[in-house]
Amino acid sequence: MSVLKNKRTTSKAEFVNTANEIYTETINFLSRLSARYSRLLAEPTIKMAAELVSYTEKAQSYFTSNDIRLDLRERDLLQARGALMALDVQLCHCYMVMMKNPQGCFTDAKGNKVPKKEAEERLETMAQILGELIDTEDDLIKGTMQSDAELRRRRRKNK
């Protein structure tokens, strides 16, 4: 049974879904780099996105049944957040490189370059989408860490 959109709450695993979305959007964004820059920037950037996915998947896999598992989860969430922040900086560098020649990033159906203004708008939209996803992921990771800290406090209080 589906839940009405306005009645939905954020899933505890939403940070994993958002990390996966960031990964696919990063690949889409990097596919716009020219061959000359792609070999310099694409591989390290996509590795950061893959690292983000890996750490979020690991963090979500822990059952938070005791403090040791909470410690492991916190470690992986911190690693995921570090990868996210590094990815944000690297994507900014890619964006700046692409904006030097935005027409080179897009072609129309006939293989012709699109006008500079249109190309700039497309890049801006792609960058905006990624930026919003990164901000959302940061909030989700921090929220999960706060929730885990609260769980730890409640457990200690009940002992």
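Throughout, numbering of the chain's residues begins at 1 and tracks the sequence.
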- Item | Donor-acceptor pair between E132 and Q128 side chains, under 3.5 angstrom | yes
- Got a second to check how far D148's CG is from L77's CG, nearest 0.5 Å? 6.5 Å
- Heavy-atom distance under 4.5 Å between the side chains of M98 and Y37, does that happen here? no
- Message: Show the nearest heavy-atom pair for residues L52 and A80, with the distance to one decimal.
- Response: CD1-O, 3.4 Å
- Message: Quick check: do R73 and T144 have side-chain heavy atoms less than 4.5 Å from each other?
- Response: yes
- Message: With rounding to the nearest 0.5 angstrom, report the CD to CG distance, Q90 to L87.
- Response: 8.0 Å
- Query: What pair of heavy atoms forms the shortest contact from V53 to A19, and how long is it?
  - Reply: CG2-O, 3.5 Å
- Compare every heavy atom of P102 with every heavy atom of L123, then report the nearest pair and how far apart it is. CD1-CB, 3.9 Å
- To the nearest 0.5 Å, what is the distance between CD1 (I46) and OH (Y23)? 4.5 Å
- Query: What pair of heavy atoms forms the shortest contact from A119 to F106, and how long is it?
  - Reply: O-CE1, 3.6 Å
- Considering only heavy atoms from C-beta outward, does the side chain of N66 approach that of R69 to under 4.5 Å? yes
- Note on the structure: Closest heavy-atom pair, A83 versus E51, reported as atoms and distance to 0.1 Å, is CB-OE2, 3.8 Å
- Query: Less than 4.0 Å between a side-chain N and a carboxylate O, is that true for R75 and D71?
  - Reply: no
- Message: Working to the nearest 0.5 angstrom, can you tell me the gap between F15 CZ and K142 NZ?
- Response: 15.0 Å
- Query: T107 versus N112: any side-chain heavy-atom pair under 4.5 Å?
  - Reply: no
- With salt bridge (Lys or Arg N to Asp or Glu O under 4.0 Å) as the test, would you mind laying out the steps for K117 and E120 before giving the verdict? CA-CA 5 Å; K117 182 137 177 77; E120 286 174 345; 5.9 Å; no
- Item | H93 and T45, any side-chain heavy atoms less than 4.5 Å apart | no
- Task: For the residue pair Q103 and V114, establish whether any side-chain heavy-atom pair is separated by less than 4.5 Å.
- Result: no
- Item | salt bridge (Lys or Arg N to Asp or Glu O under 4.0 Å) evaluation trace for E43 with R39 | CA-CA 7 Å; E43 185 180 347; R39 65 177 171 265; over 6 Å; no
- Message: Quick check for you: to the nearest 0.5 Å, what is the distance between Y55 atom OH and R81 atom CZ?
- Response: 15.5 Å
- Message: Within the structure provided, determine whether N28 and L130 are in side-chain contact (heavy-atom separation under 4.5 Å).
- Response: no
- Qualifying residues under salt bridge (charged side-chain N to carboxylate O under 4.0 Å, His left out), relative to R32, sequence neighbours excluded: none
- Message: Please enumerate all residues that pass salt bridge (charged side-chain N to carboxylate O under 4.0 Å, His left out) together with R122, with sequence neighbours excluded.
- Response: E118
- Query: Just wondering, are more than 12 heavy atoms of other shown residues or ligands nearer than 6.0 Å to CD in E150?
  - Reply: yes
- Task: Check the hydrophobic clustering (I, L, V, M, F, W, Y; side-chain heavy atoms under 4.5 Å; chains of links allowed) and say if Y62 and V16 are grouped together.
- Result: no
- Tell me, with the steps shown, if E137 and T56 meet side-chain contact (heavy atoms from CB on, under 4.5 Å). CA-CA 10 Å; E137 181 71 351; T56 57; 3.5 Å; yes
- Do M145 and L72 belong together in a cluster built from hydrophobic side chains that touch within less than 4.5 Å? no
- Task: Of all the heavy-atom pairs spanning V97 and L33, show the shortest one and how long it is.
- Result: CG1-CD2, 4.4 Å
- Query: Does some side-chain heavy atom of L70 sit less than 4.5 Å from a side-chain heavy atom of R155?
  - Reply: yes
- Message: Return the OG1 to CG distance between T136 and N17, rounded to the nearest 0.5 Å.
- Response: 12.5 Å
